[in-house]
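Below is one structure; the comments refer to it alone.
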Number of protein chains: 2
Amino acid sequence: MADKDLNTENKILGAAEDVFIKKGMDGTRMQEIANKAGINKALLHYYYRSKEKLFMAVFNLAISKFIPRIEKIAYSDIPFFDKIRMFVEHYGNLLYKNQFIPMFVLSEIRRNPDQLANAILSQGVNTDAFFSIVQKEVDEGRIKPIEPRSFFINMMALIIFPIAAKPMFLRILYKNDKREYDQMLRKRLEEIPEFIINAIKV
Amino acid sequence: MADKDLNTENKILGAAEDVFIKKGMDGTRMQEIANKAGINKALLHYYYRSKEKLFMAVFNLAISKFIPRIEKIAYSDIPFFDKIRMFVEHYGNLLYKNQFIPMFVLSEIRRNPDQLANAILSQGVNTDAFFSIVQKEVDEGRIKPIEPRSFFINMMALIIFPIAAKPMFLRILYKNDKREYDQMLRKRLEEIPEFIINAIKV
DNA sequence: GTCTATATTGTGATAGAC
DNA sequence: GTCTATCACAATATAGAC
């Protein structure tokens, strides 16, 4: 972050990403962003008029990178269970490498649900592709009856929750052993699809 | 809240619970608590010396009410799968009736992990009872091999995540229809145990 | 115990020199 | 474009009257 060879605007955005995503809107100080970017507070306001606008730039950037893009996998020509495996592997890895993202998004939406949910919707989440293939599996009797949205929520819960709740589970169940916790998270990426498949197969 | 027949200290604590649990430490203003309690700011400091101390009172109270107490179910004399059903039913209902609790706990632990995880640990979470009965089921070949902590996390994920992420899923998947979302949450309490049982049964 | 008034501090934002 | 200095306001906390 804040590399010497970036222009000032990008240095600011990079530093703002770091701080906002770790600490959230309310927990972030403009001073900390300025320090991390190697400039002073006044320049933040020169490039982005307010904290709110800088935050929205970071939020929209985060959303654009971390919204699940499932159309490609959904419409690909592989068996349904392999689609599950591929999605969990792909999306789980993305979040594993960016572990602060889930709590960032959840916290900010809790703080300001209407505006920020709209920010997500306006970037075009496309879950319909996923829902229709799940429904088709159900209709054709290849998996147990399940409401596609519930199924989606189950899958996201199993992927996201252990990352979002890491600060808690790490201390309460794993004696603050970060290495072991991350090992568990990686192992989950293989176990979750099988867990799900066993749960729904006929 | 702030009923006329409560003494001042309890009026304050009740009002503080309402506000802190919805908005978190950073999002809460002492003025709002005072208003909701029907008193003025100075009295808050008379009873609780600082915002921090008032917050800790609320946090510890929340923890004492919402930590899962699994020993009783774990050691009861019913089949393992019925224990799962009973726990999901019981704990799920508790959180369903207190839907702000999960994000409150997760957010605050993210903000201040060491102090607040200790606050939880010092109230004595007892997950060992649960872990040992899961391990026994595995050892005796009645369920598929699974690490007890992973299993616990899966179960908690399926119960908690749809509540914690409600502000997001409600708007993105349910067109802001609160009634339908709550209906889905209640229905899940019956579906989750079967989902889990299918996933692990041999 | 409860109030009003005020002190104190922190922080987002702006003015103005260079 | 970038800086220093400063403003303006919000929020916690305290003093002191009753």
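Hydrogens, waters and symmetry mates are skipped; everything else that's a heavy atom, side chains included, is used. So that the names make sense, note that chain A is the first sequence line, chain B the second, and so on, each numbered from 1.
Note: F20(B) and F104(B) fail the aromatic proximity criterion, with ring centroids not under 6.0 Å apart. Ring centroid separation for the pair Y174(A) and F169(A) does not come in under the 6.0 Å cut-off. Checked against the 6.0 Å centroid threshold, Y91(B) and F87(B) count as a close aromatic pair.
The pair R85(B)-E190(B) does not meet the salt-bridge criterion, since no charged nitrogen lies less than 4.0 angstrom from a carboxylate oxygen.
Atom-to-atom, CZ of F55(B) to P of dA11(D) comes out at 18 Å; the value is rounded to the nearest Å. Atom pair R49(B):CZ and dT12(D):P shows a separation of 16 Å (rounding to whole Å applied). The CG atom of L43(A) sits 15 Å away from the C1' atom of dA5(D) (whole-angstrom rounding). Between the C1' atom of dA13(D) and the CD1 atom of I33(B) lies a distance of 14 Å, rounded to the nearest Å. When the C1' atom of dA5(C) is taken as reference, atom CD of Q31(B) falls 14 Å away, rounded to whole Å.
Distances shown here put every side-chain N or O of S50(B) at or beyond 4.0 Å from the OP1 or OP2 atom of dT12(D). Taking side-chain N and O atoms only, H45(A) has a distance below 4.0 Å to OP1 or OP2 of dA13(C). Residue R29(B) has a polar side-chain atom (N or O) positioned under 4.0 Å from OP1 or OP2 of dT12(D). At the phosphate of dC3(D), OP1 or OP2 sits under 4.0 Å from a side-chain N or O atom of N40(A).
Y46(A) comes within 4.0 angstrom of a nucleotide base, judged by non-hydrogen atoms across all strands.
Among dT2(D), dT4(D), dA15(D), the nucleotide with an atom closest to any side-chain atom of A42(A) is dT4(D).
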